[in-house]
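Note that ligands are numbered from 1 as they come in the structure, with each ligand's atoms numbered from 1 the same way. All values below were derived from every heavy atom in this structure, side-chain atoms included, with hydrogens, water molecules and symmetry-related copies excluded.
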Amino acid sequence: MKQIGLLGCGAIGTQIALAIDTGKIPAILTHIYDDSKEKSSSLVEKLQNKPEIVENAHLLSSNSVDIVVEAASQDAVKDSALSILQNKKDLMIMSVGALLDESIYDILSDACKDFKKTIYLPSGAIAGLDGIKSIKDELDTVSITTTKHPRSLKSAKFFENSKINLDDIESATSIFEGTAKEAVSLFPANINVAALLSLTGIGSEKTRVKIIADPDTNKNTHQIEAAGTFGKMTFIIENFPDVNNPKTSRLAILSAIETLKKYCSNDIQIGT
Ligand SMILES: NC(=O)c1ccc[n+]([C@@H]2O[C@H](COP(=O)([O-])OP(=O)(O)OC[C@H]3O[C@@H](n4cnc5c(N)ncnc54)[C@H](O)[C@@H]3O)[C@@H](O)[C@H]2O)c1
């Protein structure tokens with residue numbers, strides 16, 4: 001069975017750990033790390049098969065794991081991803097926004113080749129990346145409109161230099177329009193889907209993003225439109241937020257679990 005190290009024990013990390021512990025993912029969770037000792041200890045308490053809590057993120061990949069699963073933050077990717085590959089471990093990244101920094105993307109992509117290891121990016125809170133991947137060379141325009149409750153957008157960097165006060169919003173209001181690159185840097189914890197979409201398609205400068213704050217919604221909704229010489233695709237994904245973290249959609253957690261299940265299983269694999 002594959003051995004897994006977990007970096008980040010919050011909403012996503014906890015659900016991944018529980019999926020391993022209950023046998024849904026055929027693997028062993030051997031080592032975990034979170035900047036917050038409280039988070040890692042509370043996760044261990046929930047598990048039947050107790051992993052070891054290591055003292056820092058780098059110790060995850062110096063142990064005998066096959067893959068490190070990052071479910072922490074963009075900073076965690078910047079600090080640890082390269083050393084994980086150098087330690088010859090595969091890596092699954094949830095904080096995908098970190099890869100829109102081209103120098104980081106190039107360094108990690110080269111390291112995958114040099115150390116013959118793979119980085120997995122689950123489809124996260126959206127669907128349709130299989131289609132976009134297939135037609136990427138025939139793609140002219142891609143856009144994503146994300147609608148969330150104001151509470152799911154709270155504490156984003158964007159509001160440091162904005163006059164918009166989320167508490168004053170009384171009906172659906174467009175608060176941001178720009179490129180995926182701008183969106184990911186201003187809403188680092190909220191719009192990883194825009195990063196995924198641009199990495200799959202035509203890049204972060206050309207992928208357009210619109211963010212709507214809607215106090216009347218209880219969902220995180222993404223509408224993706226892609227057009228080009230291949231034809232046109234439209235996807236609408238209406239996600240319920242996770243109960244423990246309203247910034248994270250339930251689908252993002254399930255897609256992480258599915259990606260890891262695929263990595264750990266020898267079976268027929270469906271989908272592009
Ligand atoms: N790819 C996607 O579609 C998608 C969807 C939702 C969330 N995300 C991203 O996945 C990550 C995890 O999401 P979550 O909902 O579990 O968040 P969360 O806030 O519930 O949990 C994150 C955990 O990571 C820990 N952490 C943060 N930075 C760390 C670091 N540098 N080193 C070690 N631990 C660190 C925190 O203490 C926290 O316990 C976030 O970056 C989030 O933006 C991606």
task = Using distance alone, with no hydrogens and no angle criterion, decide if K181 and S185 have a side-chain donor and acceptor under 3.5 Å apart.
result =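 No.
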
request  = Answer with yes or no whether the side chains of T217 and H149 bring together a donor and an acceptor at under 3.5 Å.
outcome  =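 Judged by distance alone, the side chains do not pair up.
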
query = Among the heavy atoms of A189, does any lie under 4.0 Å from an atom of ligand 1?
reply =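 Heavy atoms of A189 do come under 4.0 Å of ligand 1.
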
message = For atom 37 (O) of ligand 1, tell me which residue out of V77, D242, D34 has the closest non-hydrogen atom.
response =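 Looking at heavy atoms only, the winner is D34.
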
key: Minimum non-hydrogen distance to atom 11 (C) of ligand 1, winning option of S95, A256, P188   =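 Closest candidate by heavy-atom distance is S95.
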
message = N190 and side chain to side chain contact (heavy atoms under 4.5 Å, CB included): which single residue from N220, L153, T248 fits?
response =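 The side chain to side chain contact (heavy atoms under 4.5 Å, CB included) with N190 is passed solely by L153 among N220, L153, T248.
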
task = State which residue, out of D90, D114, I119, fulfils the side chain to side chain contact (heavy atoms under 4.5 Å, CB included) condition with L85.
result =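 Exactly one option meets the side chain to side chain contact (heavy atoms under 4.5 Å, CB included) with L85, and it is I119.
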
Atoms in ligand 1 with a heavy atom of [X] nearer than 4.0 Å:
X	result
A76	30 (C), 31 (N)
G8	24 (O)
A252	5 (C), 6 (C)
L7	33 (C)
G124	2 (C), 3 (O)
Y33	33 (C)

Of the backbone atoms (N, CA, C, O) and the side-chain heavy atoms from C-beta on, which set of [X] has a member under 4.0 Å from an atom of ligand 1: side chain, backbone, both, or neither?
X	answer
A11	both
D35	both
K39	side chain
T14	neither

Is there at least one pair of N or O atoms, one from [X] and one from ligand 1, spaced under 3.5 Å apart?
X	result
D75	no
D79	no
N245	yes

Interatomic spacing from [atom1] in [X] to [atom2] in [Y] - rounded to 0.5 Å:
X	Y	atom1	atom2	value
K136	L199	NZ	CG	8.5 Å
N244	K247	CG	NZ	13.0 Å
D214	T173	CG	OG1	8.0 Å

Do me a favour and list the nearest non-hydrogen protein atom to [atom] with residue, atom name and distance?
atom	value
atom 16 (O) of ligand 1	I12 N, 2.8 Å
atom 8 (N) of ligand 1	N192 ND2, 3.4 Å
atom 24 (O) of ligand 1	A72 CA, 3.3 Å

inquiry  = Test question: given the 4.5 Å side-chain rule for I, L, V, M, F, W and Y, name all other residues clustered with V44, or answer none.
reply    =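 Result for V44 is I4, L6, I12, I16, L18, I20, I25, L29, I32, L43, L47, I53, I67, V69, M92, M94, Y120, I253, I257, L260, Y263.
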
Check: residues 121-129 side-chain donor-acceptor pairs under 3.5 Å, at least two apart:
none

message = Please give me the minimum heavy-atom distance between A172 and I212, naming the atom from each residue.
response =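 Result for this residue pair: CB-CG2, 4.1 Å.
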
